[in-house]
Amino acid sequence: MPKWLNDAVFYEIYPQSFYDSNGDGIGDINGIIEKLDYVKGLGCNAIWLNPIYDSPFMDAGYDVRDYKKVAPRYGTNDDLVNLFNKAHEMGIKILLDLVPGHTSDTHPWFLEAKKAKESEFSNRYVFTKSVWDAPPQYRMMCGICERDGNYLVNYFSSQPALNYGFNEITHHEWQLPPEHPDCVATVEAIKDVMRFWLDKGADGFRVDMADSLVKNDDEKVATAKIWRGVREMLDKEYPEAAMVSEWCNPERAINNAGFHMDFYLDHYGNGYSRLFRYGDPRSSEAVFNPNGKGDVKAFADEYLPNYESTKNNGYISFMTNNHDMPRVTAGLDKNAIKLISAFIFTMPGVPFLYYGDEIGMKYQANLVSKEGGFSRTGSRTPMQWNSQKNLGFSTGDEPYLPVDKSDDAPTVENQKDDADSIYKVVTDVIALRHKYDDLKGNGELEFVYEEGKIPFYYKRGNLVMFFNPLGKDAEISTEYNGKVVYQIGGAEFADGKVEMKPQSFVMIEL
Ligand code: NOJ
């Protein structure tokens with residue numbers, strides 16, 4: 001297990017929207033290099049970079065055309081190596097986004113595979129044996145290539161699924177078992193991509209749709225076996241490299257598959273969703289909604305057993321948002337977002353901050369979809385740096401995606417020295433996480449709540465964090481009292497209880 005993870009705080013950068021260094025309207029790698037000081041200033045010591053590979057951008061780069069080449073619009077492979085080096089000099093690690101499940105339908109492997117003539121790539125993707133064979137339970141593209149067969153797609157139609165085999169064979173004519181040499185060759189091809197970038201200085205990968213490799217694999221046993229093999233390779237060849245999975249099943253992802261971290265994703269009705277969103281952050285069922293009517297039990301019942309059973313093997317990762325979901329500003333107010341930040345950066349695991357969340361960037365509803373974003377486009381708008389042209393994102397006349405045009409658009413410039421800003425809370429709490437060993441990734445956790453009640457607290461070593469997300473005063477019974485280390489709102493400790501102001505957070509040291 002790479003030791004650096006225990007004190008890691010990640011910043012997710014969506015490269016096209018972060019900083020445009022050459023005025024062409026789109027973010028780039030040199031732009032990220034210029035902003036490394038900023039990332040460091042937040043207290044983040046690691047970056048997850050969304051895909052930077054050559055791509056037709058039908059899905060923002062999750063449709064890879066060349067795994068080993070940086071998209072020209074972002075720069076060159078040398079620029080990326082330069083980013084690795086500069087980041088490392090500043091103590092910042094960089095995870096690339098690995099997309100192992102599918103490629104673009106313009107990837108050379110696919111261009112070969114779709115030909116009638118057989119080649120070493122004929123089984124790199126999943127093709128049926130005839131265009132008349134298109135079982136409805138699979139998402140197939142039908143009748144559009146020279147080869148007499150239909151092919152499986154993973155997500156969008158432009159993303160043919162790579163072939164890792166089928167755990168349960170239901171169609172003998174074309175389904176291969178995961179041990180088939182051609183499926184093993186797919187695994188080896190992805191390992192080769194990983195080695196390529198690790199050798200150049202990458203510190204690991206965020207793994208896209210990590211649970212989706214082997215098909216008809218309900219229990220994910222065969223998929224986990226592949227990742228276990230990848231983990232063995234890392235342990236042996238790159239012991240400092242880390243992988244975080246887009247899986248949201250820590251027992252499978254961490255304990256079985258060997259991921260170092262697993263994302264707690266926003267799946268409707270799960271613990272994450274019930275804390276922060278419940279489909280829509282405006283939902284009164286979301287615990288952090290000031291009108292909240294839910295309680296933290298649903299979260300605790302799901303999270304705590306997962307935390308207990310995986311804490312010795314890896315980390316569950318909370319994130320403020322990501323590029324796939326509406327920014328939390330879509331429905332919650334500034335105070336709620338401050339409390340959410342306090343929660344995410346004081347819980348165990350390895351936390352992730354999505355670019356722009358530190359200043360409360362707004363979700364831009366109703367934008368015309370860009371690069372396969374659809375409703376996600378509103379969470380992917382350019383970073384807001386200052387009051388200059390395009391809010392400092394680009395000197396170009398037309399950024400590839402419009403910046404927030406509202407009069408009160410938050411920027412780094414106007415938040416940085418504002419004592420009442422989200423930026424202040426985010427940076428303060430991250431600094432506390434680095435300062436106290438008790439707040440590190442693997443520090444202890446004792447989570448305390450009363451069923452049916454929203455105010456709650458948790459103890460980590462000598463620190464206790466109290467939360468009242470409600471828009472009214474609330475009281476919690478507690479045996480703890482101590483020195484206040486940090487607070488939002490405020491609270492008073494009386495015998496055996498703490499009386500908390502509306503939407504408040506208090507951290508005490510015993
Ligand atoms: C998950 C990624 O986060 C998302 O942005 C992408 O569209 C799909 N996987 C498909 O790769």
Side-chain angles (χ1 to χ4, degrees), residues 10-18 27 47-67 71 74 95-107 109-110 125-126 139 141 151-164 186 190 193 204-215 220 223 227 243-249 253 257 259 261-268 270 272-273 277 317-327 352-357 363 367 369-381 400-401:
F10 274 85
Y11 192 63
E12 177 187 349
I13 295 182
Y14 187 71
Q16 46 274 64
S17 291
F18 196 54
I47 289 172
W48 155 26
L49 204 52
N50 289 112
I52 38 71
Y53 317 104
D54 185 36
S55 162
F57 293 100
M58 296 294 287
D59 183 17
Y62 285 96
D63 47 327
V64 180
R65 180 163 52 204
D66 185 343
Y67 286 107
Y74 295 140
L95 300 196
L96 297 181
D97 210 317
L98 184 73
V99 192
H102 44 263
T103 66
S104 158
D105 57 4
T106 59
H107 192 291
W109 295 343
F110 188 71
Y125 300 83
V126 182
R139 294 172 70 189
M141 294 297 288
Y151 60 89
L152 192 68
V153 294
N154 253 2
Y155 198 65
F156 289 161
S157 301
S158 57
Q159 292 164 315
L162 283 163
N163 195 357
Y164 294 89
T186 308
I190 290 298
V193 169
F205 300 91
R206 173 268 185 184
V207 178
D208 187 66
M209 292 175 65
D211 65 336
S212 75
L213 302 188
V214 178
K215 306 303 182 197
K220 306 291 174 190
T223 298
W227 289 119
M243 294 194 294
V244 53
S245 49
E246 186 195 26
W247 195 316
C248 199
N249 188 325
F259 280 91
M261 305 168 263
D262 183 38
F263 279 123
Y264 205 175
L265 300 168
D266 176 34
H267 288 168
Y268 183 74
N270 76 350
Y272 184 98
S273 151
R277 282 142 191 281
S317 281
F318 282 93
M319 58 197 173
T320 57
N321 273 301
N322 68 20
H323 61 290
D324 288 333
M325 54 188 192
R327 286 193 190 262
F352 281 67
L353 172 65
Y354 183 50
Y355 86 97
D357 279 352
Y363 174 67
L367 284 181
S369 175
K370 196 79 186 173
E371 303 188 343
F374 300 95
S375 63
R376 306 174 296 183
T377 307
S379 299
R380 300 175 172 188
T381 53
Y400 89 105
L401 196 59

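Both counts, for ligands and for their atoms, begin at 1 and track the order of listing. Owing to the predicted nature of the structure, the values given are computational and were not obtained by experimental measurement.
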4.0 Å heavy-atom contact, R206 with ligand 1 = yes
Run the numbers for me: atoms of ligand 1, each under 4.0 Å from some heavy atom of H323, listed by number.
-> 2 (C), 3 (O), 4 (C), 5 (O)
Starting at OH of Y125, measure out to CD of Q159 and round the result to the nearest 0.5 Å.
-> 11.5 Å
Numbering as shown, the atoms of ligand 1 that approach H102 to under 4.0 Å (heavy-atom distance) = 10 (C), 11 (O)
Is a side-chain donor-acceptor pair under 3.5 Å present for S379 with Y14?
-> no
Does any N or O in the side chain of W48 come within less than 3.5 Å of the main-chain N or O of R206, such that one atom is a donor and the other an acceptor?
-> no
Just heavy atoms, cut-off under 4.0 Å: does R380 contact ligand 1 by side chain, backbone, both, or neither?
-> side chain
Shortest protein heavy-atom distance from atom 5 (O) of ligand 1, along with the residue and atom involved = D324 OD1, 2.7 Å
Does the ring center of H107 lie less than 6.0 Å from the ring center of Y67?
-> yes
Among D59, D97, N50, N322, closest by heavy atom to atom 10 (C) of ligand 1 is D59
Locate the shortest heavy-atom distance separating D105 from F110; write the atom from each residue and the value.
-> O-CD2, 3.3 Å
With a 3.5 Å cut-off and no angle check, do the side chains of D63 and Y155 form a donor-acceptor pair?
-> no
Of T320, T381, N322, D357, the residue whose pairing with R327 passes side chain to side chain donor-acceptor pair (under 3.5 Å) = D357
Give the residue and atom name of whichever protein heavy atom lies nearest to atom 1 (C) of ligand 1, and the separation in Å to one decimal.
-> D208 OD1, 2.9 Å
Heavy-atom contacts with R376 under 4.0 Å: which atoms of ligand 1 show up? List them by number with element.
-> 4 (C), 5 (O), 6 (C), 7 (O)
So the atoms of ligand 1 within less than 4.0 Å of a heavy atom of E246 turn out to be 1 (C), 3 (O), 9 (N)
